[in-house]
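Note that the structure is predicted; figures quoted are calculated from it, not measured.
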Amino acid sequence: MRPAAALLALALAPAACSHLDAAQPLAITPGQAFTLAVGGTAVLARPAVRLGFDSVVSDSRCPQGEQCIVAGEAVVRMWSQAGELPRQWHALHLGSARTAPRIQGLALTLTALAPP
């Protein structure tokens with residue numbers, strides 16, 4: 001039986017934020033939630049993995065302050081790179097752990113996406 005994968009929880013900010021430096025990689029650890037802006041990267045020391053937030057692919061969520069019949073969904077495009085291997089591309093769906101990619105035994109889950 002395979003052990004359960006550790007979780008990387010991720011909150012994303014599609015617009016540039018003053019407190020998020022997209023040029024400087026963010027050091028993270030498994031089990032730690034972290035936030036990235038578009039173009040931002042995060043680095044895990046063990047296992048050696050880099051993660052990057054490329055873009056918001058789709059966002060059909062209800063606008064802030066509005067009431068909608070359907071909540072909608074959001075999908076973002078991320079990449080991961082283990083060591084010196086080529087980048088792998090992933091589509092993350094907001095709030096959906098079942099589609100979470102596995103990266104070096106870790107599950108990457110999108111937990112929040114700031115409004116555009």
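- Of all heavy-atom pairs between Asp54 and Val38, the closest is O-CG1, 3.5 Å.
- The closest donor-acceptor contact from the side chain of Arg87 to the backbone of Leu51 lies at 3.5 Å or more, if one exists at all.
- Heavy-atom minimum distance, Pro30 versus Leu44: CD-CD2, 3.6 Å.
- A distance of 10.0 Å separates NE2 in His93 from CG in Leu110, rounded to the nearest 0.5 Å.
- Between Pro25 and Val43 the shortest heavy-atom distance is CB-CG2, 3.6 Å.
- Here the side chains of His90 and Ser80 are in contact, with some heavy-atom distance below 4.5 Å.
- No continuous path of hydrophobic side-chain contacts links Val75 to Leu92 [ILVMFWY only; heavy atoms under 4.5 Å].
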(request) Applying side-chain contact (heavy atoms from CB on, under 4.5 Å), run through Asp59 and Leu113 and close with a yes or a no. (result) CA-CA 9 Å; Asp59 188 352; Leu113 180 63; 4.1 Å; yes
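- Under a 3.5 Å cut-off, the side chain of Ser60 and the backbone N or O of Glu73 do form a donor-acceptor pair.
- To the nearest 0.5 Å, atoms CD1 (Ile28) and CG (Leu106) are separated by 8.5 Å.
- Between the OG1 atom of Thr29 and the CZ atom of Phe34 there is a distance of 10.0 Å, given to the nearest 0.5 Å.
- Side-chain heavy atoms closer than 4.5 Å link hydrophobic residues (I, L, V, M, F, W, Y) into clusters, and following such links, even through other members, never connects Leu26 to Trp79.
- Within the model, atoms CZ of Arg77 and CH2 of Trp89 stand 4.0 Å from one another, a figure rounded to the nearest 0.5 Å.
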